[in-house]
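Here's the structure we're looking at; comments come further down.
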Amino acid sequence: MTAKAKAGAETLGFQTEAKQLLHLMIHSLYSNKEIFLRELISNASDATDKLRFEALENTALYEDEGEVHIRIGVDEEAKTITISDNGIGMSRDEVIANLGTIARSGTADFLKNLTGDQQQDSQLIGQFGVGFYSSFIVADRVVVETRRAGAASSEGVRWSCDGEADYQLEPIDRAERGTQITLHLKSDEAEFANDWRLRSIVKKYSDHIAIPVEMLKQIVPPMPSMESEEVGDEETIIESAPEWQAVNDAKALWTRSRSDVTEDEYKEFYRHVSSDFAEPLTWSHNRVEGKQEYTSLLYIPGMAPMDLYQREASRGIKLYIKRTFIMDDAEQFMPMYLRFVKGVLDSTDLPLNVSREILQKTPLVDSIRAALTKRVLDMLSKMSTSEPEKYATFWSQFGAVLKEGPSEDHGNREKIAKLFRFASSTVDGAVPSVSLADYIERMKEGQDKIYYVTGDSYSIINNSPYLEVFRKHGIEVLLMSDRIDEWMMGYLTEFDGKSFQDVARGELDLSKITGDSTQKDADPEAKKDPKSDDNADLIARIKSLLEQRVDDVRTTTRLTNSPACLVVGDNDMGEQMRKIMEAAGQAVPESKPILEINMEHPLVSKLSAESDEGAAAILAGVLFDQAALSAGRPLENPAQFVQELNRLMFG
């Protein structure tokens with residue numbers, strides 16, 4: 001760089017590519033202009049932290065002023081903003097090093113590595129410390145006055161820049177330690193020369209940093225009284241000294257010890273972070289130290305938000321870096337199936353891009369995500385065992401969302417499955433209260449599978465013919481009526497070493513549980529059924545009559561009272577999944593169900609004895625439609641079914 005002396009001031013040049021870089025920063029890197037104030041307050045906070053650290057060995061650095069603060073002033077007429085701190089300050093050499101070099105790794109190398117790919121460039125930019133220059137987003141001139149703590153007042157430095165390729169540096173007398181930054185706003189950024197606007201930005205981004213951020217107290221002029229009007233010119237107006245007041249809370253609840261925070265304070269903070277006036281069900285406050293340092297405060301809400309099932313809706317927890325607010329919905333730290341979780345994460349450091357608006361994906365982020373996910377699942381597990389009534393409330397609000405877990409989080413699949421609750425064929429009522437662990441405890445001797453059935457509603461599946469043989473032998477079946485259930489079971493294949501079986505799919509063999517095969521296996525003659533030939537003929541006849549509607553016809557082991565049921569093939573799509581895909585406008589593969597018939601039922605016997613093919617076709621059609629209705633399937637031709645049923649009844 002070059003230096004030219006003029007009247008005690010020096011004009012120094014940035015690296016030759018600095019103008020290009022400043023233009024890139026001002027117009028490309030920051031999507032939200034108001035972030036400039038967050039960056040400058042964050043820098044000022046760092047300066048006060050550095051002062052405290054160095055003062056541990058040299059208390060003289062405080063210069064008889066131990067209270068640190070950050071102050072913001074605004075002049076609406078001059079359109080200037082001033083941010084000052086009484087932190088460590090900078091010497092001349094430090095000003096050149098910190099403000100005269102935009103990117104420490106070299107501006108030329110920085111620009112050389114830009115690829116034009118926004119995502120890649122944002123990650124690259126994040127490796128360079130250039131937050132101060134966000135000032136030029138709203139200002140066309142920036143003036144910095146500073147003096148390092150412990151230095152003489154004559155060693156102050158003024159740095160000024162118009163956002164071009166050079167800057168001016170000159171010595172000044174400065175009595176106060178620390179740094180003052182004055183922004184001369186661009187003509188089209190006058191909105192920021194407003195006291196209320198600046199206060200709102202401070203509350204949004206810097207409310208929880210440890211240093212008080214102060215602004216001049218707004219003075220409300222007194223209302224004129226009758227007495228003052230009579231006195232007229234004789235009234236004396238006494239102007240009081242300007243009073244500074246903290247805008248931010250200057251404290252972060254999550255940084256306090258759990259023992260120091262009351263339950264009411266936790267609940268009040270939940271309302272602050274979630275904008276939800278209902279009380280949370282539970283929360284977890286935790287601090288991690290070591291290779292990773294962060295604090296988390298996570299809440300489980302008591303009520304589902306309106307947009308819970310809109311997967312594209314904003315989600316995630318609030319992210320802070322050293323108490324400075326970074327983003328409102330850091331979705332990288334919580335999987336989609338836990339999108340209902342609210343709270344904050346405060347880390348000492350995370351890989352962000354230069355604007356601190358984009359969180360880079362690194363092993364550190366993945367590690368924190370895994371730890372927070374485990375903490376939420378453990379929190380829910382504890383609630384399910386120690387507070388079952390409260391967990392029932394949680395499940396009624398968020399159970400269907402949690403069921404997305406097995407497809408998204410293979411590593412925690414078993415832990416997630418332990419949290420599931422279902423209705424059961426052996427428990428009265430539609431309220432899902434049975435866990436998979438409960439089911440396994442009640443399994444029959446010889447049972448090695450977890451049986452379940454899916455459907456559109458509890459009433460349909462609770463009265464389903466698929467349950468008849470299970471109720472006869474006292475075998476429990478889980479009743480799943482959420483639309484997501486069949487899709488979920490495609491990913492949840494086993495639990496605690498037990499596989500799942502849909503009682504409406506494929507072959508069903510309960511012989512190990514019921515013992516029905518014992519006698520037949522011991523006596524080969526018992527296997528011979530004199531009616532088997534007649535059954536085979538009837539099955540072939542029904543298959544011929546329903547050729548366009550069924551894939552196969554066979555006798556059933558599922559039914560005791562109903563004449564027939566429809567069974568899905570082992571590799572075919574179930575009815576619930578078909579409805580989901582059709583509702584989403586997706587193509588559904590063609591498949592036909594298997595018709596299982598109860599040879600002991602009078603309707604089947606009547607069909608077997610019917611010699612007229614036309615009447616037999618009607619009976620077969622009614623048999624199929626009845627099975628479809630009992631399974632909750634829609635009929636292809638409801639009017640025809642009613643007509644044929646009436647014909648059978650009234651002939």
Side-chain angles (χ1 to χ4, degrees), residues 35 37-50 52-53 68 70 126 131 201-213 246-262 265-275 280 282-300 314-334 338 341-353 355-376 379:
I35 284 176
L37 190 57
R38 179 194 73 181
E39 295 295 312
L40 296 180
I41 292 175
S42 182
N43 288 347
S45 177
D46 288 343
T48 59
D49 287 341
K50 290 175 183 175
R52 287 170 169 170
F53 180 76
V68 293
I70 300 168
I201 296 174
V202 172
K203 291 292 290 182
K204 179 177 180 180
Y205 292 102
S206 306
D207 198 35
H208 299 294
I209 67 170
I211 311 301
V213 180
V247 179
N248 63 328
D249 284 343
K251 61 180 180 180
L253 179 139
W254 62 84
T255 62
R256 294 159 57 187
S257 171
R258 283 177 291 188
S259 59
D260 296 336
V261 185
T262 66
E265 286 178 315
Y266 276 124
K267 291 178 180 178
E268 183 60 34
F269 186 72
Y270 168 74
R271 296 186 184 97
H272 171 71
V273 298
S274 67
S275 301
T282 188
W283 56 83
S284 175
H285 186 186
N286 186 57
R287 177 171 178 78
V288 175
E289 296 180 339
K291 294 181 71 174
Q292 304 167 356
E293 290 190 14
Y294 63 87
T295 301
S296 62
L297 176 52
L298 306 176
Y299 290 90
I300 304 298
S314 62
R315 60 182 179 86
I317 56 180
K318 294 181 182 293
L319 176 63
Y320 289 78
I321 303 292
K322 296 179 182 178
R323 300 187 181 189
T324 298
F325 177 70
I326 301 299
M327 59 181 69
D328 204 30
D329 45 4
E331 60 186 38
Q332 298 91 334
F333 295 104
M334 205 62 65
L338 295 179
V341 175
K342 303 295 183 182
V344 298
L345 170 67
D346 189 353
S347 175
T348 56
D349 190 30
L350 278 174
L352 300 165
N353 73 327
S355 66
R356 301 206 287 183
E357 297 176 294
I358 300 174
L359 183 65
Q360 300 174 25
K361 186 172 178 61
T362 67
L364 175 60
V365 173
D366 293 338
S367 177
I368 296 177
R369 173 191 172 104
L372 295 183
T373 299
K374 181 179 182 298
R375 180 157 295 278
V376 172
M379 187 173 15

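The first residue in the sequence is number 1, and the count goes up from there. Since the model is a prediction, treat every value here as computed from it, not as a measurement.
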Partner of Tyr294 under side-chain contact (heavy atoms from CB on, under 4.5 Å), chosen from Ile321, Val288, Leu364, Thr348: Val288
Steps toward side-chain contact (heavy atoms from CB on, under 4.5 Å) verdict (Leu297, Val273): CA-CA 10 Å; Leu297 176 52; Val273 298; over 6 Å; no
side-chain contact (heavy atoms from CB on, under 4.5 Å) evaluation trace for Ile317 with Leu372: CA-CA 11 Å; Ile317 56 180; Leu372 295 183; 3.9 Å; yes
Polar side-chain atom of Thr262 near backbone of Glu265 as donor-acceptor pair, under 3.5 Å: yes
Thr255 vs Arg323, side-chain hydrogen bond (donor to acceptor under 3.5 Å, both in side chains): CA-CA, chis, key distance, verdict: CA-CA 9 Å; Thr255 62; Arg323 300 187 181 189; 3.3 Å; yes
Shortest non-hydrogen contact between Arg369 and Glu331, atoms and distance: NH1-O, 4.0 Å
Distance in Å, Leu40 CG paired with Ser45 OG, rounded so as to fall on 0.5 Å steps: 12.5 Å
Worked verdict on Asp346 versus Lys318 for salt bridge (charged side-chain N to carboxylate O under 4.0 Å, His left out): CA-CA 8 Å; Asp346 189 353; Lys318 294 181 182 293; over 6 Å; no
Any donor-acceptor N/O pair, Ser367 side chain to Pro363 backbone, under 3.5 Å: no
Side chains of Ile300 and Val341 in contact at under 4.5 Å (non-hydrogen atoms): yes
Stepwise side-chain contact (heavy atoms from CB on, under 4.5 Å) check, Ile201 with Arg38: CA-CA 8 Å; Ile201 296 174; Arg38 179 194 73 181; 5.8 Å; no
Any side-chain heavy-atom pair of Arg258 and Tyr266 under 4.5 Å: yes
Closest non-hydrogen atom pair, Thr295 against His285: CG2-NE2, 4.1 Å
Closest contact, heavy atoms only, Val247 versus Asp207: O-OD1, 4.2 Å
Phe269 ring center within less than 6.0 Å of Trp283 ring center: no
Side-chain donor or acceptor of Asn286 paired with backbone N/O of Ser296 under 3.5 Å: no
Non-hydrogen atoms of Tyr270 and Pro280 that approach each other most closely: CD2-CD, 3.5 Å
More than 12 heavy atoms from other groups under 6.0 Å of NZ on Lys374: no
Candidate pair Val376 and Met334, rule side-chain contact (heavy atoms from CB on, under 4.5 Å), full reasoning: CA-CA 9 Å; Val376 172; Met334 205 62 65; 4.1 Å; yes
Test item: Asn248 and Ile41 side chains (from C-beta on) under 4.5 Å apart, heavy atoms: no
